[in-house]
Peer 1: 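Take a look at the following structure, please.
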Amino acid sequence: MGAFSQKSNADGLWARVRGRAELAGHPRIDLAEGKVTRVLAGGFASQAEAAHACAALKGAGVDCITLKP
């Protein structure tokens, strides 16, 4: 959902979206890459389920892309 050089910004994004129905039951995953933290939501049963959630988030103004494992 995002990549941030400051962890506080990553935390801010998650605070904004964590209560959304599309992410209910899906854990936050932080991937540190150098000085950047990527924020993902995991645990989707399928690529289609992730794409559906992502589309809903985009409709709410949250940038989102789906990744294959």
Side-chain angles (χ1 to χ4, degrees):
M1 289 185 290
F4 303 91
S5 60
Q6 295 182 356
K7 188 170 182 324
S8 61
N9 291 338
D11 294 341
L13 170 69
W14 190 254
R16 196 172 114 215
V17 300
R18 72 175 168 223
R20 294 194 54 89
E22 300 89 343
L23 297 178
H26 299 284
R28 172 182 172 168
I29 300 170
D30 286 353
L31 296 178
E33 296 177 2
K35 294 183 178 187
V36 175
T37 299
R38 291 174 51 202
V39 178
L40 294 84
F44 291 93
S46 67
Q47 183 76 17
E49 182 186 0
H52 181 62
C54 191
L57 289 167
K58 285 180 181 179
V62 178
D63 288 335
C64 180
I65 61 170
T66 58
L67 304 172
K68 290 185 180 181

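Scope of the values below: all heavy atoms of this structure, side chains included, with no hydrogens, waters or symmetry mates.
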Peer 1: For the hydrophobic clusters of this structure (ILVMFWY residues joined by side-chain heavy atoms under 4.5 Å, transitively), does one cluster hold both Leu57 and Trp14?
Peer 2: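 Linked within one cluster.
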Peer 1: Give me the atom names and distance for the closest heavy-atom approach of Gly42 to Ile29.
Peer 2: CA-CD1, 3.6 Å
Peer 1: Determine whether Leu31 and Leu13 fall in the same hydrophobic cluster, where Ile, Leu, Val, Met, Phe, Trp and Tyr are linked whenever their side-chain heavy atoms lie under 4.5 Å apart.
Peer 2: no
Peer 1: Would you say that Arg28 contacts Asp11 through its side chain, given a criterion of any heavy-atom pair below 4.5 Å between the two side chains?
Peer 2: yes
Peer 1: After noting the C-alpha distance and the side-chain angles of Asp30 and Phe4, does the key distance pass the side-chain contact (heavy atoms from CB on, under 4.5 Å) rule?
Peer 2: CA-CA 10 Å; Asp30 286 353; Phe4 303 91; over 6 Å; no
Peer 1: Any side-chain heavy-atom pair from Met1 and Arg16 closer than 4.5 angstrom?
Peer 2: no
Peer 1: Locate the shortest heavy-atom distance separating Ala10 from Val39; write the atom from each residue and the value.
Peer 2: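 The answer is CB-CG2, 3.5 Å.
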Peer 1: Looking only at heavy atoms, what is the nearest atom pair of Glu22 and Arg20, with distance?
Peer 2: OE2-NH2, 2.9 Å
Peer 1: With the 4.5 Å side-chain cut-off for hydrophobic clustering, are Leu67 and Phe44 part of the same group?
Peer 2: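 No, Leu67 does not connect to Phe44 through the hydrophobic network.
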Peer 1: At their closest point, which heavy atom of Val36 faces which heavy atom of Ala3, and how far apart are they?
Peer 2: CG1-CB, 3.7 Å
Peer 1: Do the side chains of Lys35 and Ser5 get nearer than 4.5 Å, heavy atoms only?
Peer 2: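 Side chain of Ser5 against side chain of Lys35, heavy atoms only: no contact under 4.5 Å found.
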